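Heads up: the structure comes next, in structure tokens.
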Amino acid sequence: MNGIINIYKEAGYTSHDVVAKMRGILKQKKIGHTGTLDPDATGVLPVCLGKATKLCDMLTDENKTYEVVLRLGITTDTQDMSGSVLKTREVGISEQEAADCIGSFVGEYMQVPPMYSALKVNGKKLYELAREGKTVERKARPVHFYEICILGMELPKITLRVTCSKGTYIRTLCHDIGEKLGCGACMESLVRTRVGRFAIEESFTLTQLERMAAEETAVNAVVPIDAMFEQYPPVRVVQSSRQRVYNGNSFSEKDLEIPGIHLRDDQCVRAYDGEGTFIGIYRYDGKTHEFRLVKMFRDGSSER
């Protein structure tokens, strides 16, 4: 199968565990996930199958939405409740002070990745160093919080909905809020509710997928590759030019079944053959009136 399945990752599984289980369920080797979720976290994990593994990086770059419970007054080494407690403090703040502090994090923010993360320093993952009792300097990285909405507040706990850019650590957001308030904080629970177009309401558990595979209906859970590019107009290549296009070469307007389409310079299109098979994404050059390959999805073809 080629496409994306919106998996609901349950607690206790790593993202790699999900991929391994799906390989067994679907009897398919070429499967990749689109960005890690902590083992204790739950929620949306888009998983790419077959040719769609070329989309893994693109989906990793998508904005994400989470629901998180922040626990004030406790600081841990992992920045969540699974870690060792480093310090406990009194929470002597008002709800308004907490709300004002949380609101100050909306927008661009320089975030220092936590030691307990999969980022690598000199070829070694940070969490491996952390387990050895080592702490290394990490450079702050720009992240963007598009929305931080307070869903509930019963101090010392606050429930938030957070929409953010790629590369954001929600554990670290909780930690930084606690430091700014002066009482410390960590993440108590985390659910990822959306990754790009994939919402939690439309996700499938591994148990559901296993049942569908047994009933030979698992294909119904697969989002086709070209559905990820619905914002781009479709074009069909004439029979005489298809082999050249299959090989990743550029093509011109005269190679289209229906020429004369109106495109702006640098606009992307979805290229199909006459049978409706998705070939790949091409970019239109308004000066030369040619379509140049961006990413190929047809089997046996090269990317340029």
Side-chain angles (χ1 to χ4, degrees), residues 11 35-44 62-119 121 125-127 129-131 133-195 200:
T36 57
L37 261 180
D38 291 341
D40 290 341
T42 63
V44 173
E62 291 277 7
N63 294 337
K64 301 170 179 67
T65 300
Y66 299 87
E67 288 187 7
V68 55
V69 176
L70 179 155
R71 174 64 161 83
L72 295 171
I74 299 176
T75 306
T76 73
D77 57 354
T78 59
Q79 300 181 347
D80 62 18
M81 292 293 283
S82 71
S84 300
V85 176
L86 300 177
K87 185 183 291 187
T88 59
R89 284 176 267 186
E90 290 292 326
V91 181
I93 60 167
S94 69
E95 291 189 354
Q96 188 59 52
E97 287 172 321
D100 290 343
C101 176
I102 289 166
S104 72
F105 282 84
V106 176
E108 190 160 297
Y109 179 68
M110 295 300 290
Q111 187 180 72
V112 178
M115 275 301 300
Y116 280 88
S117 64
L119 291 177
V121 173
K125 292 178 179 177
L126 285 175
Y127 70 77
L129 295 171
R131 287 170 182 169
K134 299 175 182 176
T135 300
V136 297
E137 185 178 353
R138 289 96 65 203
K139 292 183 178 179
R141 308 185 305 175
V143 297
H144 199 106
F145 295 104
Y146 300 99
E147 177 197 52
I148 305 178
C149 178
I150 296 173
L151 301 179
M153 188 181 301
E154 292 183 12
L155 296 179
K157 296 183 181 182
I158 306 173
T159 303
L160 306 172
R161 182 176 64 239
V162 180
T163 299
C164 56
S165 63
K166 68 170 183 175
T168 303
Y169 288 91
I170 304 300
R171 285 180 287 134
T172 302
L173 171 65
C174 294
H175 172 85
D176 291 350
I177 289 171
E179 290 305 297
K180 191 168 183 177
L181 285 169
C183 59
C186 65
M187 186 179 78
E188 184 167 289
S189 65
L190 181 70
V191 181
R192 187 155 68 190
T193 59
R194 180 175 289 275
V195 176
I200 196 168

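Owing to the predicted nature of the structure, the values given are computational and were not obtained by experimental measurement.
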Between Thr168 and Leu173, is a side-chain contact (heavy atoms from CB on, under 4.5 Å) present by the stated rule, with each step listed? CA-CA 8 Å; Thr168 303; Leu173 171 65; 5.7 Å; no
Where is the tightest heavy-atom contact between [X] and [Y], given as atom of each residue plus distance?
X: Gly83; Y: Thr76; value: C-CB, 4.2 Å
X: Phe145; Y: Phe105; value: CD1-O, 3.3 Å
X: Cys174; Y: Val68; value: SG-CG2, 3.8 Å
X: Arg171; Y: Thr78; value: NH1-O, 2.9 Å
X: Leu37; Y: Val44; value: CD1-O, 3.8 Å
X: Arg138; Y: Pro113; value: NE-O, 2.9 Å

Is the shortest side-chain heavy-atom distance between [X] and [Y] below 4.5 Å?
X: Arg71; Y: Pro156; value: yes
X: Val112; Y: Thr172; value: no
X: Leu72; Y: Leu155; value: yes
X: Arg192; Y: Ile170; value: no
X: Met81; Y: Cys186; value: yes

Roughly how far, to the nearest 0.5 Å, is [atom2] of [Y] from [atom1] of [X]?
X: Glu95; Y: Asp100; atom1: CD; atom2: CG; value: 12.0 Å
X: Thr42; Y: Glu67; atom1: OG1; atom2: CD; value: 9.5 Å
X: Ser82; Y: Met187; atom1: OG; atom2: CE; value: 7.5 Å
X: Thr65; Y: Ile200; atom1: OG1; atom2: CD1; value: 11.0 Å
X: Tyr169; Y: Cys164; atom1: OH; atom2: SG; value: 12.0 Å
X: Asn63; Y: Arg194; atom1: CG; atom2: CZ; value: 11.0 Å

Please lay out, stage by stage, how Ile150 and Leu160 fare under the test side-chain contact (heavy atoms from CB on, under 4.5 Å). CA-CA 5 Å; Ile150 296 173; Leu160 306 172; 3.7 Å; yes
Heavy-atom count check: over 12 atoms from other residues, nucleotides or ligands less than 6.0 Å from Glu108 CD?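 Check passes, neighbour count above 12.
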Taking atom NZ of Lys180 as the centre, does the number of heavy atoms from other residues, nucleotides or ligands within less than 6.0 Å exceed 12?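 More than 12 within 6.0 Å, yes.
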Going by side-chain hydrogen bond (donor to acceptor under 3.5 Å, both in side chains), name the pairs with one or both residues in residues 144-162, residues two or more places apart or in two chains. Glu147-Arg161, Lys157-Glu188
Given Leu190 and Asp40, is the side-chain contact (heavy atoms from CB on, under 4.5 Å) satisfied, shown in steps? CA-CA 8 Å; Leu190 181 70; Asp40 290 341; over 6 Å; no
Those residues at least two apart in sequence (or on a different chain) that pass ring-ring contact (aromatic ring centres under 6.0 Å, His included) with Tyr66 are none
